[in-house]
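I have placed the structure first, in the form of structure tokens, so that the comments after it can refer back to it.
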Amino acid sequence: QVQLVESGGGLVQPGGSLRLSCAASGRTFSNYAMGWFRQAPGKEREFVVSISASGRFTYYADSVKGRFTISRDNAKNTVYLQMNSLKPEDTAVYYCASTTVAATTTQAMRYNYWGQGTQVTVSS
């Protein structure tokens, strides 16, 4: 059984930073691309960033490019999301997800396993 467990969310002031982690178990982690999505209240879930199985390739949504950095440690079965220069509009529940493919993808339909989500609130 595949499990994804996010951690690291919380309350931060605008301009601050947070680092999210997602620990995976139940499948060969290094075979699959991983991604982060987010969903703000009253809005649809949106793609944030994806990282390839090897970790060599990444793809960011324009809204977070230059501020967020995704990375993965295949030895620890963990993917990370470093979020800097946070803005109030980054407030959302952030979900870690695992794909069915090795390459990066923005398509939610290609992610077959999801974590429970972690709340990120950016407010003064």
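All values below come from the heavy atoms of this structure, side chains included, with hydrogens, waters and symmetry mates left out.
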Carefully, step by step, assess Arg27 and Tyr32 under the rule side chain to side chain contact (heavy atoms under 4.5 Å, CB included).
-> CA-CA 9 Å; Arg27 73 191 305 197; Tyr32 303 100; 3.3 Å; yes
Working for side chain to side chain contact (heavy atoms under 4.5 Å, CB included), residues Tyr80 and Asp73 = CA-CA 8 Å; Tyr80 304 96; Asp73 186 336; 4.1 Å; yes
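Closest approach of Leu18 to Val120, counting heavy atoms only: CD1-CG1, 3.9 Å. Of all heavy-atom pairs between Phe29 and Asn77, the closest is CB-OD1, 3.3 Å. Taking both residues in full, the closest heavy atoms of Ala103 and Ala33 are given as O-CB, 3.2 Å, listed atom of the first, atom of the second, then distance. Nearest heavy-atom pair, Gln82 versus Ser17, reported as atom, atom and distance to 0.1 Å: NE2-CB, 3.9 Å.
In this structure, the separation between CD1 on Ile70 and OG1 on Thr58 is 7.5 Å, given to the nearest 0.5 Å. Distance check, rounded to the nearest 0.5 Å: SG of Cys22 to OH of Tyr94 gives 15.0 Å. Note that OH of Tyr60 and CH2 of Trp36 are 12.5 Å apart. Values are rounded to the nearest 0.5 Å. The distance from the OG1 atom of Thr106 to the CZ atom of Phe47 is 5.5 Å, given to the nearest 0.5 Å. Between Thr99 atom OG1 and Asn112 atom CG the span is 7.0 Å, to the nearest 0.5 Å. The OG1 atom of Thr78 lies 10.5 Å from the CG atom of Leu4; values are rounded to the nearest 0.5 Å.
For Glu89, the CD atom sits in a packed shell: over 12 heavy atoms of surrounding residues, nucleotides or ligands are nearer than 6.0 Å. When the shell of 6.0 Å around NZ of Lys65 is examined, it contains more than 12 heavy atoms from other residues, nucleotides or ligands.
When atom types are taken as modelled, the side chain of Ser52 and the backbone of Phe57 share a donor-acceptor pair closer than 3.5 angstrom. Ser98 places no side-chain N or O within donor-acceptor distance of the main-chain N or O of Tyr113, the cut-off being under 3.5 Å. Looking at Gln13, its side chain never comes within 3.5 Å of a backbone N or O of Ser124 through a donor-acceptor pair. No donor-acceptor pair closer than 3.5 Å links the side chain of Arg72 to the backbone N or O of Gly55. The main-chain N or O of Ala53 is found under 3.5 Å from a side-chain atom of Asn74 such that the two form a donor-acceptor pair. Remark: side-chain polar atoms of Glu6 are paired, donor with acceptor, to backbone N or O of Gln116 under 3.5 angstrom.
In this structure, the side chains of Trp114 and Phe37 come closer than 4.5 Å at one or more pairs of heavy atoms. You'll find the side chain of Leu20 reaches within 4.5 Å of the side chain of Met83, heavy atoms only. You'll find the side chain of Val49 stays beyond 4.5 Å of the side chain of Phe68, heavy atoms only. No side-chain heavy atom of Gln119 sits less than 4.5 Å from a side-chain heavy atom of Leu11. Using a 4.5 Å cut-off on side-chain heavy atoms (C-beta onward), Ser63 and Arg38 make contact. At a threshold of 4.5 Å between non-hydrogen side-chain atoms, the residues Tyr59 and Thr105 do not count as touching.
Between Asp90 and Lys87 there is no salt bridge, since none of the side-chain N atoms of the basic residue sits less than 4.0 Å from a carboxylate O of the acidic one.
Judged by a 6.0 Å distance limit and a 45° cone about the ring axis, Arg45 is not positioned over the six-membered ring of Tyr95.
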